[in-house]
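Atom set for the values below is all heavy atoms of this structure, side chains included, hydrogens, waters and symmetry mates excluded.
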Amino acid sequence: MSKPTAQFTPLNIAVLTVSDSRTLAEDTSGQYLADSLTEAGHHLADRQLITDDIYQIRAVISGWIADPKVHAVITTGGTGFFIRDSMPEAVQVLFDKSIDGFGEMFRLISKDEIGMSTIQSRAVAGMANGTGIFCLPGSSGACRTGWTKILKEQFDSRTRPCNFVPHFMAQNPSHDHDSHDHD
């Protein structure tokens with residue numbers, strides 16, 4: 001007897017580009033992510049481009065975290081070492097839990113593409129209020145690597161042995177699995 005095939009669950013994913021120099025029309029990285037997630041069967045919940053400002057970043061992402069219809073956020077830009085690169089500092093304080101393996105795997109995979117320059121990537125990820133936040137560098141190549149080699153699979157409910165979809169679908173804070181209420 002064969003196992004039943006898992007069904008695909010489309011997610012609502014928001015895309016944020018952080019750039020001090022690009023406009024939405026010139027945003028090839030954000031456009032790549034928006035196109036790729038819709039091609040994979042997901043929904044683009046929102047797409048914005050803002051300057052690399054910690055408080056603007058936090059405001060936009062906090063709005064998406066608070067919206068139960070947004071399952072995940074992918075950001076591009078602001079993960080380097082230039083003075084204005086502040087994505088990790090902006091988002092890490094919002095995380096309920098960090099997803100350390102995301103940055104580790106991104107750098108491991110990137111090593112084959114850009115060599116030891118990958119150590120300058122501060123790609124990070126975490127969960128906040130049941131919303132996944134995944135921060136990629138600003139280049140289109142880095143976005144392609146992050147999407148095709150990590151996120152596409154982990155956003156697919158059919159991926160075994162595990163994927164992020166059940167975590168994104170459990171966005172109701174009243175269902176806290178760590179609490180032990182005995183009424």
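- Shown here are the ring pair (Phe, Tyr, Trp, His ring centres under 6.0 Å) partners of Phe106, two or more places apart in sequence or in another chain: there are none.
- For Ser36, the side chain to side chain contact (heavy atoms under 4.5 Å, CB included) partners two or more places apart in sequence, or in a different chain, are Tyr32, Trp147.
- Applying the ring-ring contact (aromatic ring centres under 6.0 Å, His included) test to residues at least two apart or on different chains, the pairs with a partner in residues 111-140 are Phe102-Phe134, Phe134-Phe155, Phe134-Phe164.
- One hydrophobic cluster, built from ILVMFWY side chains closer than 4.5 Å, cannot hold both Ile54 and Val60; they sit in different ones.
- Between the Ser157 side chain and the Gln7 main chain, a donor and an acceptor come within less than 3.5 Å of each other.
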For Gln92 and Val124: C-alpha separation, side-chain torsions, deciding distance, then whether side-chain contact (heavy atoms from CB on, under 4.5 Å) applies. CA-CA 8 Å; Gln92 286 173 317; Val124 297; 3.6 Å; yes
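- A continuous path of ILVMFWY side-chain contacts below 4.5 Å connects Val93 to Ile65, so both sit in one hydrophobic cluster.
- Contact of the Val15 side chain with the Leu37 side chain is registered, since non-hydrogen atoms from C-beta on lie closer than 4.5 Å.
- In this structure, Ser19 and Asp52 have side chains that are not in contact, with every pair of non-hydrogen atoms separated by 4.5 Å or more.
- Using a 4.5 Å heavy-atom cutoff, the side chains of His43 and Ile13 are not in contact.
- Both Met169 and Leu151 are members of a single hydrophobic cluster when ILVMFWY side chains are connected at heavy-atom separations under 4.5 Å.
- Judged by distance alone, with hydrogens and angles left aside, the side-chain atoms of Arg58 form a donor-acceptor pair with the main-chain N or O of Ala90 at under 3.5 Å.
- The closest side-chain heavy-atom distance from Asn163 to Asp156 is not below 4.5 Å.
- Side chain of His42 to main chain of Leu11: a donor-acceptor pair is present (N/O by atom type, distance under 3.5 Å, no hydrogens or angles).
- Cluster membership check: Val73 shares its hydrophobic cluster with Ile50, using side-chain heavy-atom separations under 4.5 Å among Ile, Leu, Val, Met, Phe, Trp and Tyr.
- Within the 4.5 Å cutoff, the side chain of Met87 has heavy atoms near those of the Ile57 side chain.
- Here Phe82 is tied to no hydrophobic group at all, with no ILVMFWY side chain closer than 4.5 Å.
- Thr79 meets the side chain to side chain donor-acceptor pair (under 3.5 Å) test with no other residue; sequence neighbours excluded.
- Listed by first then second residue, pairs satisfying salt bridge (charged side-chain N to carboxylate O under 4.0 Å, His left out) with a partner in residues 126-144 number zero, not counting sequence neighbours.
- Inter-residue side-chain proximity for Phe8 and Pro10 is flagged as met; some heavy-atom pair is nearer than 4.5 Å.
- Between Thr75 atom OG1 and Trp64 atom CH2 the span is 9.0 Å, to the nearest 0.5 Å.
- Checked by atom type and distance alone, the side chain of Ser121 never pairs as donor or acceptor with a backbone atom of Thr118 at under 3.5 Å.
- Of all the heavy atoms in Ala6 and Arg160, the pair that sits closest is CB-NH2, 3.1 Å.
- Partners of Leu24 by side chain to side chain contact (heavy atoms under 4.5 Å, CB included), not counting sequence neighbours, listed by chain and number: Asp27, Arg47, Leu49.
- A side-chain contact (heavy atoms from CB on, under 4.5 Å) with Ile61 holds for exactly one of Thr131, Val70, Ile133; it is Ile133.
- Between Cys143 and Ser29, the shortest heavy-atom distance links the atoms SG-CB, 3.7 Å.
- When hydrophobic clusters are built by joining Ile, Leu, Val, Met, Phe, Trp and Tyr residues whose side-chain heavy atoms come closer than 4.5 Å, directly or via intermediates, Leu136 is grouped together with Leu108.
- If you check the side chains of Asp46 and Gln48, you find a donor sitting under 3.5 Å from an acceptor.
- Side chain of Thr76 to main chain of Pro137: a donor-acceptor pair is present (N/O by atom type, distance under 3.5 Å, no hydrogens or angles).
- Atom NZ of Lys152 sits about 13.5 Å away from atom CD of Gln154, to the nearest 0.5 Å.
- Not counting sequence neighbours, the partners of Gln120 by the side chain to side chain contact (heavy atoms under 4.5 Å, CB included) test are Phe81.
- For Asn12, the side chain to side chain donor-acceptor pair (under 3.5 Å) criterion is met by no residue, not counting sequence neighbours.
- To the nearest 0.5 angstrom, Asp112 atom CG is 8.5 Å from Ile109 atom CD1.
- In this structure, a donor-acceptor pair under 3.5 Å is absent between the side chains of Ser110 and Thr145.
- Within the structure, salt bridge (charged side-chain N to carboxylate O under 4.0 Å, His left out) contacts touching residues 83-93 (residues at least two apart or in different chains) are Asp20-Arg84, Glu89-Arg122.
- With sequence neighbours left out, Ser98 forms a side chain to side chain contact (heavy atoms under 4.5 Å, CB included) with Phe95, Asp100.
- In terms of the salt bridge (Lys or Arg N to Asp or Glu O under 4.0 Å) criterion, residue partners of Lys149 (sequence neighbours excluded) are, by chain and number, Glu113.
- Looking at Ser139, its side chain does come within 3.5 Å of a backbone N or O of Ala142 through a donor-acceptor pair.
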